[in-house]
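None of these values were measured; they are calculated from a predicted model.
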Amino acid sequence: MITALAGGVGAARLLRGLVRVVAPTEVTAVVNTGDDTELHGLHISPDLDTVTYTLAGLNDDERGWGLAGETWGAMDSLERLGGQTWFRLGDHDLATHLYRTQRLHDGATLSQVTAEITESLGIEARLVPMSDDPVRTRLTLVDGPEVSFQEYFVGHRHAVAVESLRFAGAEAARAAPGVIAAIAEADVVVVCPSNPIVSIGPLLAVPGIADALAARRADTVAVSPIIAGAALKGPADRLMAELGREPTVVGVARGYASFVGTLVVDDADAGLVDAVEACGVRCVVAPTIMHSPEHAAALAARLLEVARPSGATRGSSR
(Lines give C-alpha, C1' and ligand atoms only; values in the text may rest on other atoms or scores of the structure.)
Protein backbone atom coordinates (compact mmCIF):
# COMPACT_ATOMS: atom_id res chain seq x y z
CA MET A 1 0.00 0.00 0.00
CA ILE A 2 1.31 3.43 -0.99
CA THR A 3 0.23 6.77 0.44
CA ALA A 4 1.16 9.92 -1.45
CA LEU A 5 1.04 13.55 -0.34
CA ALA A 6 -0.18 15.51 -3.33
CA GLY A 7 -0.85 18.98 -4.61
CA GLY A 8 -0.99 20.37 -8.12
CA VAL A 9 0.24 19.32 -11.54
CA GLY A 10 3.52 17.67 -10.48
CA ALA A 11 1.67 15.42 -8.06
CA ALA A 12 -0.99 14.57 -10.63
CA ARG A 13 1.64 13.51 -13.16
CA LEU A 14 3.55 11.37 -10.66
CA LEU A 15 0.33 9.70 -9.50
CA ARG A 16 -0.53 8.98 -13.14
CA GLY A 17 2.81 7.17 -13.36
CA LEU A 18 2.37 5.44 -10.02
CA VAL A 19 -0.90 3.77 -11.00
CA ARG A 20 0.87 2.38 -14.07
CA VAL A 21 3.41 0.46 -11.97
CA VAL A 22 1.21 -0.70 -9.06
CA ALA A 23 -2.45 -1.59 -8.80
CA PRO A 24 -4.41 1.68 -8.50
CA THR A 25 -6.37 0.22 -5.59
CA GLU A 26 -3.11 0.16 -3.60
CA VAL A 27 -2.67 3.95 -3.88
CA THR A 28 -4.08 6.57 -1.53
CA ALA A 29 -3.43 10.22 -2.33
CA VAL A 30 -3.86 12.78 0.45
CA VAL A 31 -4.50 16.00 -1.42
CA ASN A 32 -3.94 19.62 -0.42
CA THR A 33 -7.09 21.70 0.05
CA GLY A 34 -5.41 24.93 1.16
CA ASP A 35 -5.95 26.22 -2.39
CA ASP A 36 -9.72 25.72 -2.16
CA THR A 37 -11.84 28.79 -2.74
CA GLU A 38 -15.42 29.92 -3.10
CA LEU A 39 -16.38 31.82 -6.22
CA HIS A 40 -19.81 32.46 -7.76
CA GLY A 41 -21.19 30.65 -4.72
CA LEU A 42 -19.32 27.48 -5.69
CA HIS A 43 -16.82 25.43 -3.70
CA ILE A 44 -13.76 24.94 -5.93
CA SER A 45 -11.01 22.45 -5.05
CA PRO A 46 -8.25 23.02 -7.65
CA ASP A 47 -5.73 20.42 -6.46
CA LEU A 48 -8.35 17.71 -5.95
CA ASP A 49 -9.72 18.42 -9.40
CA THR A 50 -6.29 18.45 -11.09
CA VAL A 51 -5.46 15.04 -9.61
CA THR A 52 -8.94 13.69 -10.38
CA TYR A 53 -8.99 14.82 -14.00
CA THR A 54 -5.46 13.54 -14.60
CA LEU A 55 -6.12 10.07 -13.16
CA ALA A 56 -9.34 9.91 -15.18
CA GLY A 57 -7.43 10.77 -18.37
CA LEU A 58 -9.54 13.90 -18.86
CA ASN A 59 -7.00 16.61 -18.08
CA ASP A 60 -5.70 19.26 -20.44
CA ASP A 61 -1.96 18.50 -20.54
CA GLU A 62 -1.12 21.54 -22.62
CA ARG A 63 -2.77 24.02 -20.29
CA GLY A 64 -1.75 22.10 -17.19
CA TRP A 65 -5.16 22.43 -15.52
CA GLY A 66 -8.80 21.82 -16.29
CA LEU A 67 -10.38 19.47 -18.78
CA ALA A 68 -9.32 18.68 -22.32
CA GLY A 69 -11.74 19.87 -25.00
CA GLU A 70 -13.21 22.43 -22.63
CA THR A 71 -15.61 25.16 -23.80
CA TRP A 72 -16.03 28.61 -22.23
CA GLY A 73 -19.57 29.73 -22.96
CA ALA A 74 -20.45 30.44 -19.33
CA MET A 75 -17.36 32.60 -18.80
CA ASP A 76 -17.95 34.47 -22.04
CA SER A 77 -21.52 35.22 -21.01
CA LEU A 78 -20.43 36.22 -17.51
CA GLU A 79 -17.86 38.60 -18.97
CA ARG A 80 -20.55 40.27 -21.09
CA LEU A 81 -22.56 40.78 -17.92
CA GLY A 82 -19.57 42.38 -16.18
CA GLY A 83 -19.04 39.50 -13.74
CA GLN A 84 -15.77 38.22 -12.29
CA THR A 85 -13.89 36.17 -14.87
CA TRP A 86 -10.30 36.42 -13.61
CA PHE A 87 -10.60 32.81 -12.40
CA ARG A 88 -11.58 30.89 -15.52
CA LEU A 89 -13.99 27.99 -15.10
CA GLY A 90 -14.80 25.90 -18.15
CA ASP A 91 -18.33 24.75 -18.90
CA HIS A 92 -17.64 21.08 -18.15
CA ASP A 93 -15.48 21.93 -15.13
CA LEU A 94 -18.39 23.94 -13.74
CA ALA A 95 -20.39 20.73 -13.48
CA THR A 96 -17.88 19.38 -10.96
CA HIS A 97 -18.15 22.51 -8.82
CA LEU A 98 -21.93 22.59 -9.04
CA TYR A 99 -22.13 18.96 -7.93
CA ARG A 100 -19.63 19.45 -5.09
CA THR A 101 -21.35 22.56 -3.82
CA GLN A 102 -24.81 20.98 -3.85
CA ARG A 103 -23.61 17.86 -2.03
CA LEU A 104 -21.82 19.94 0.61
CA HIS A 105 -25.02 21.98 1.01
CA ASP A 106 -26.87 18.67 1.50
CA GLY A 107 -24.56 17.86 4.42
CA ALA A 108 -22.01 15.58 2.78
CA THR A 109 -18.35 16.00 3.73
CA LEU A 110 -15.65 16.93 1.23
CA SER A 111 -14.24 13.39 1.62
CA GLN A 112 -17.59 11.87 0.72
CA VAL A 113 -18.08 14.14 -2.27
CA THR A 114 -14.54 13.43 -3.51
CA ALA A 115 -15.19 9.69 -3.31
CA GLU A 116 -18.43 10.11 -5.26
CA ILE A 117 -16.75 12.13 -8.01
CA THR A 118 -13.79 9.77 -8.40
CA GLU A 119 -16.06 6.71 -8.44
CA SER A 120 -18.22 8.27 -11.14
CA LEU A 121 -15.11 8.78 -13.28
CA GLY A 122 -13.85 5.22 -12.81
CA ILE A 123 -10.81 6.14 -10.71
CA GLU A 124 -9.66 3.16 -8.64
CA ALA A 125 -7.04 4.98 -6.58
CA ARG A 126 -8.34 6.55 -3.38
CA LEU A 127 -8.25 10.36 -3.24
CA VAL A 128 -8.73 11.97 0.15
CA PRO A 129 -8.70 15.69 1.00
CA MET A 130 -6.26 16.50 3.80
CA SER A 131 -9.20 17.72 5.91
CA ASP A 132 -12.96 18.06 5.68
CA ASP A 133 -12.59 21.29 7.65
CA PRO A 134 -11.77 24.57 5.86
CA VAL A 135 -8.05 25.36 5.76
CA ARG A 136 -7.08 28.25 3.52
CA THR A 137 -3.64 29.44 2.45
CA ARG A 138 -3.34 33.20 2.97
CA LEU A 139 -0.36 35.21 1.74
CA THR A 140 0.74 38.69 2.81
CA LEU A 141 2.32 40.54 -0.10
CA VAL A 142 5.43 42.64 0.37
CA ASP A 143 3.76 45.71 -1.14
CA GLY A 144 0.15 44.85 -0.52
CA PRO A 145 -2.51 43.21 1.62
CA GLU A 146 -3.11 39.65 2.69
CA VAL A 147 -4.72 37.72 -0.18
CA SER A 148 -6.08 34.25 -0.80
CA PHE A 149 -3.94 31.73 -2.62
CA GLN A 150 -6.01 32.00 -5.81
CA GLU A 151 -5.81 35.81 -5.77
CA TYR A 152 -2.02 35.45 -5.55
CA PHE A 153 -1.63 32.57 -7.98
CA VAL A 154 -4.22 33.44 -10.62
CA GLY A 155 -5.23 37.03 -9.99
CA HIS A 156 -1.64 38.30 -9.61
CA ARG A 157 -0.19 35.49 -11.76
CA HIS A 158 2.16 34.78 -8.78
CA ALA A 159 4.31 37.68 -10.00
CA VAL A 160 4.26 39.62 -6.70
CA ALA A 161 6.65 39.17 -3.78
CA VAL A 162 5.37 37.48 -0.62
CA GLU A 163 6.31 38.59 2.88
CA SER A 164 4.64 35.81 4.88
CA LEU A 165 1.89 33.24 4.75
CA ARG A 166 -0.41 31.35 7.06
CA PHE A 167 -2.85 28.47 6.86
CA ALA A 168 -6.07 29.91 8.22
CA GLY A 169 -8.15 27.36 10.09
CA ALA A 170 -5.40 24.76 10.34
CA GLU A 171 -5.12 24.75 14.13
CA ALA A 172 -8.78 23.84 14.55
CA ALA A 173 -8.90 21.42 11.62
CA ARG A 174 -8.86 17.64 11.85
CA ALA A 175 -7.31 15.29 9.35
CA ALA A 176 -9.97 13.79 7.10
CA PRO A 177 -11.14 10.28 8.01
CA GLY A 178 -8.56 7.71 7.01
CA VAL A 179 -5.66 10.12 6.47
CA ILE A 180 -3.67 9.26 9.59
CA ALA A 181 -4.31 5.54 9.13
CA ALA A 182 -3.26 5.72 5.47
CA ILE A 183 0.08 7.19 6.53
CA ALA A 184 0.57 4.80 9.46
CA GLU A 185 -0.33 1.66 7.51
CA ALA A 186 1.39 2.40 4.20
CA ASP A 187 4.33 0.33 3.07
CA VAL A 188 5.76 3.45 1.43
CA VAL A 189 4.89 7.13 1.81
CA VAL A 190 5.62 9.31 -1.23
CA VAL A 191 5.88 13.08 -1.13
CA CYS A 192 5.10 14.17 -4.68
CA PRO A 193 7.08 16.92 -6.45
CA SER A 194 4.68 19.59 -5.24
CA ASN A 195 5.37 23.10 -3.97
CA PRO A 196 6.88 22.60 -0.48
CA ILE A 197 5.42 25.86 0.79
CA VAL A 198 1.82 25.98 -0.47
CA SER A 199 1.09 22.37 -1.45
CA ILE A 200 2.86 20.27 1.20
CA GLY A 201 2.92 23.00 3.86
CA PRO A 202 -0.87 23.02 4.40
CA LEU A 203 -0.94 19.25 4.93
CA LEU A 204 1.76 19.51 7.58
CA ALA A 205 -0.21 22.26 9.32
CA VAL A 206 -3.21 20.00 9.98
CA PRO A 207 -2.77 18.58 13.50
CA GLY A 208 -1.62 14.97 13.55
CA ILE A 209 -0.36 14.71 9.98
CA ALA A 210 3.23 15.89 10.63
CA ASP A 211 3.53 13.56 13.63
CA ALA A 212 2.19 10.62 11.62
CA LEU A 213 4.71 11.34 8.88
CA ALA A 214 7.62 11.70 11.31
CA ALA A 215 6.81 8.24 12.67
CA ARG A 216 7.18 6.85 9.12
CA ARG A 217 10.25 8.89 8.18
CA ALA A 218 12.40 5.88 7.26
CA ASP A 219 9.77 4.73 4.76
CA THR A 220 9.08 8.14 3.23
CA VAL A 221 10.59 9.18 -0.09
CA ALA A 222 10.16 12.63 -1.64
CA VAL A 223 10.82 14.01 -5.10
CA SER A 224 12.31 17.48 -5.20
CA PRO A 225 10.17 19.96 -7.14
CA ILE A 226 13.27 22.15 -7.49
CA ILE A 227 15.71 21.28 -10.28
CA ALA A 228 18.97 23.20 -10.72
CA GLY A 229 17.68 25.95 -8.47
CA ALA A 230 14.37 26.49 -10.25
CA ALA A 231 10.81 25.18 -10.28
CA LEU A 232 9.65 23.61 -13.53
CA LYS A 233 6.25 25.21 -13.05
CA GLY A 234 4.85 27.72 -10.60
CA PRO A 235 6.43 29.90 -7.90
CA ALA A 236 8.01 27.33 -5.57
CA ASP A 237 11.56 28.63 -6.06
CA ARG A 238 10.56 32.28 -5.60
CA LEU A 239 8.39 31.55 -2.57
CA MET A 240 11.21 29.61 -0.92
CA ALA A 241 13.62 32.49 -1.46
CA GLU A 242 11.13 35.15 -0.33
CA LEU A 243 10.38 33.22 2.86
CA GLY A 244 14.03 32.65 3.72
CA ARG A 245 14.54 29.13 2.43
CA GLU A 246 17.33 28.22 0.05
CA PRO A 247 15.66 27.57 -3.34
CA THR A 248 17.66 24.44 -4.12
CA VAL A 249 17.40 20.73 -3.42
CA VAL A 250 19.36 21.46 -0.24
CA GLY A 251 16.62 23.84 0.88
CA VAL A 252 14.04 21.17 0.11
CA ALA A 253 16.02 18.64 2.15
CA ARG A 254 16.24 20.99 5.13
CA GLY A 255 12.51 21.60 5.06
CA TYR A 256 11.67 17.91 4.74
CA ALA A 257 14.32 16.41 7.03
CA SER A 258 11.97 15.83 9.96
CA PHE A 259 9.66 13.52 8.02
CA VAL A 260 11.46 12.38 4.85
CA GLY A 261 14.14 9.70 4.90
CA THR A 262 15.05 9.78 1.19
CA LEU A 263 15.02 12.67 -1.27
CA VAL A 264 15.16 11.98 -4.99
CA VAL A 265 16.83 14.78 -6.94
CA ASP A 266 17.24 15.24 -10.66
CA ASP A 267 20.45 14.43 -12.55
CA ALA A 268 21.03 18.18 -12.85
CA ASP A 269 21.60 18.30 -9.07
CA ALA A 270 23.98 15.36 -8.80
CA GLY A 271 26.67 17.70 -7.54
CA LEU A 272 24.62 18.52 -4.43
CA VAL A 273 24.27 14.96 -3.09
CA ASP A 274 26.72 15.54 -0.22
CA ALA A 275 25.06 18.80 0.74
CA VAL A 276 21.63 17.11 0.80
CA GLU A 277 22.92 14.26 2.91
CA ALA A 278 24.50 16.75 5.32
CA CYS A 279 20.87 17.62 6.18
CA GLY A 280 20.40 14.04 7.41
CA VAL A 281 18.45 12.91 4.35
CA ARG A 282 19.54 10.08 2.07
CA CYS A 283 19.92 11.38 -1.49
CA VAL A 284 19.12 9.48 -4.69
CA VAL A 285 19.81 10.87 -8.16
CA ALA A 286 17.43 10.01 -10.99
CA PRO A 287 15.68 11.65 -13.96
CA THR A 288 12.72 13.46 -12.42
CA ILE A 289 11.25 15.50 -15.29
CA MET A 290 8.03 13.78 -16.39
CA HIS A 291 7.84 14.59 -20.10
CA SER A 292 5.32 11.81 -20.66
CA PRO A 293 3.29 9.19 -18.77
CA GLU A 294 6.12 6.75 -19.50
CA HIS A 295 8.65 9.04 -17.82
CA ALA A 296 6.29 9.38 -14.86
CA ALA A 297 5.96 5.60 -14.59
CA ALA A 298 9.76 5.19 -14.69
CA LEU A 299 10.15 7.74 -11.90
CA ALA A 300 7.43 6.06 -9.84
CA ALA A 301 9.14 2.69 -10.22
CA ARG A 302 12.43 4.21 -9.11
CA LEU A 303 10.81 5.73 -6.04
CA LEU A 304 9.43 2.40 -4.94
CA GLU A 305 12.80 0.77 -5.60
CA VAL A 306 14.69 3.19 -3.36
CA ALA A 307 12.08 3.74 -0.67
CA ARG A 308 13.13 0.74 1.38
CA PRO A 309 16.28 -0.61 -0.25
CA SER A 310 17.41 -4.00 1.02
CA GLY A 311 20.48 -3.67 3.18
CA ALA A 312 20.85 0.03 2.37
CA THR A 313 23.45 2.14 4.06
CA ARG A 314 23.45 5.88 4.30
CA GLY A 315 24.68 7.33 1.04
CA SER A 316 23.65 8.27 -2.45
CA SER A 317 22.32 5.84 -5.02
CA ARG A 318 22.02 5.90 -8.79
Side-chain angles (χ1 to χ4, degrees), residues 1-8 11 15 27-38 43-48 51 100 104 107-115 126-140 146-150 152 162 164-192 194-222 225 236 239-240 243-245 252-261 263 280-281:
M1 301 299 293
I2 299 159
T3 295
L5 307 188
L15 288 166
V27 177
T28 295
V30 181
V31 184
N32 168 47
T33 56
D35 297 4
D36 283 20
T37 190
E38 289 191 4
H43 184 116
I44 302 167
S45 296
D47 281 359
L48 276 170
V51 173
R100 178 187 293 118
L104 292 173
T109 66
L110 185 58
S111 295
Q112 291 169 332
V113 179
T114 301
R126 181 183 176 212
L127 304 190
V128 187
M130 67 187 194
S131 178
D132 286 331
D133 302 314
V135 178
R136 299 293 179 263
T137 300
R138 305 281 301 177
L139 304 98
T140 299
E146 183 182 73
V147 298
S148 70
F149 177 80
Q150 297 304 336
Y152 161 76
V162 171
S164 62
L165 86 166
R166 65 189 180 97
F167 305 116
E171 291 183 1
R174 295 167 296 174
V179 166
I180 301 301
I183 295 170
E185 297 169 7
D187 296 309
V188 175
V189 178
V190 173
V191 181
C192 295
S194 303
N195 188 314
I197 307 292
V198 294
S199 291
I200 303 303
L203 278 83
L204 300 175
V206 175
I209 292 182
D211 289 342
L213 289 167
R216 300 304 313 279
R217 182 181 183 277
D219 305 314
T220 299
V221 55
L239 275 176
M240 290 177 71
L243 297 175
R245 302 190 190 183
V252 174
R254 290 195 189 109
Y256 284 178
S258 65
F259 64 95
V260 167
L263 180 66
V281 178

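- Shortest non-hydrogen contact noted between P207 and A173 is CD-O, 3.4 Å.
- Annotation: side chain of T137 is not in contact with side chain of Y152 (no heavy-atom distance under 4.5 Å).
- At least one donor-acceptor pair under 3.5 Å links the side chain of R216 to the backbone N or O of I183.
- A donor-acceptor pair under 3.5 Å is absent between the side-chain atoms of T33 and the main chain of D36, judged by distance alone.
- Here OG of S45 is found 11.5 Å from CG of L127. Values are rounded to the nearest 0.5 Å.
- With sequence neighbours excluded, the residues that form a side-chain contact (heavy atoms from CB on, under 4.5 Å) with A175 are V179, I180, V206, I209.
- Considering all non-hydrogen atoms of both residues, A205 and F167 come closest at CB-CD1, 3.6 Å.
- Remark: the backbone N or O of V189 is not paired with any side-chain donor or acceptor of T3 at under 3.5 angstrom.
- The OG atom of S199 lies 11.0 Å from the CG atom of L204; values are rounded to the nearest 0.5 Å.
- Here CD of Q150 is found 10.0 Å from CZ of R136. Values are rounded to the nearest 0.5 Å.
- In this view, R245 and I197, M240 satisfy the side-chain contact (heavy atoms from CB on, under 4.5 Å) rule, not counting sequence neighbours.
- Annotation: side chain to side chain donor-acceptor pair (under 3.5 Å) contacts of E146 (sequence neighbours excluded): R138, R166.
- Among residues two or more places apart in sequence or in another chain, the side chain to side chain donor-acceptor pair (under 3.5 Å) test is passed with D47 by N32.
- Qualifying salt bridge (Lys or Arg N to Asp or Glu O under 4.0 Å) partners for D132, counting only residues two or more places apart in sequence or in other chains: none.
- The side-chain heavy atoms of L165 and L239, taken from C-beta on, include no pair separated by under 4.5 Å.
- Under the rule for a salt bridge (Lys or Arg N to Asp or Glu O under 4.0 Å), the partners of R254 that lie at least two apart in sequence or sit in another chain are E246.
- Heavy-atom minimum distance, T220 versus V191: CG2-CG2, 3.9 Å.
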> Could you go step by step and tell me if R100 and L110 meet the side chain to side chain contact (heavy atoms under 4.5 Å, CB included) rule?
Replying inline: CA-CA 8 Å; R100 178 187 293 118; L110 185 58; 4.0 Å; yes
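- When all heavy atoms of P129 and A176 are compared, the closest pair comes out as O-CB, 3.1 Å.
- When side chains are defined from C-beta on, L243 counts as touching V162, because their heavy atoms get closer than 4.5 Å.
- Remark: side-chain polar atoms of D133 are paired, donor with acceptor, to backbone N or O of R174 under 3.5 angstrom.
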> Yes or no on side chain to side chain contact (heavy atoms under 4.5 Å, CB included) for V281 and Y256, after CA distance, side-chain angles and deciding distance?
Replying inline: CA-CA 8 Å; V281 178; Y256 284 178; 5.8 Å; no
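- Taking each heavy atom of S194 and G7 in turn, the nearest pair found is OG-O, 2.8 Å.
- At a threshold of 4.5 Å between non-hydrogen side-chain atoms, the residues V252 and P225 count as touching.
- Listed for the R217 side chain is a donor-acceptor partner under 3.5 Å among the backbone atoms of A257.
- Considering CZ of F259 and CG of L5, their distance stands at 7.0 Å, rounded to 0.5 Å.
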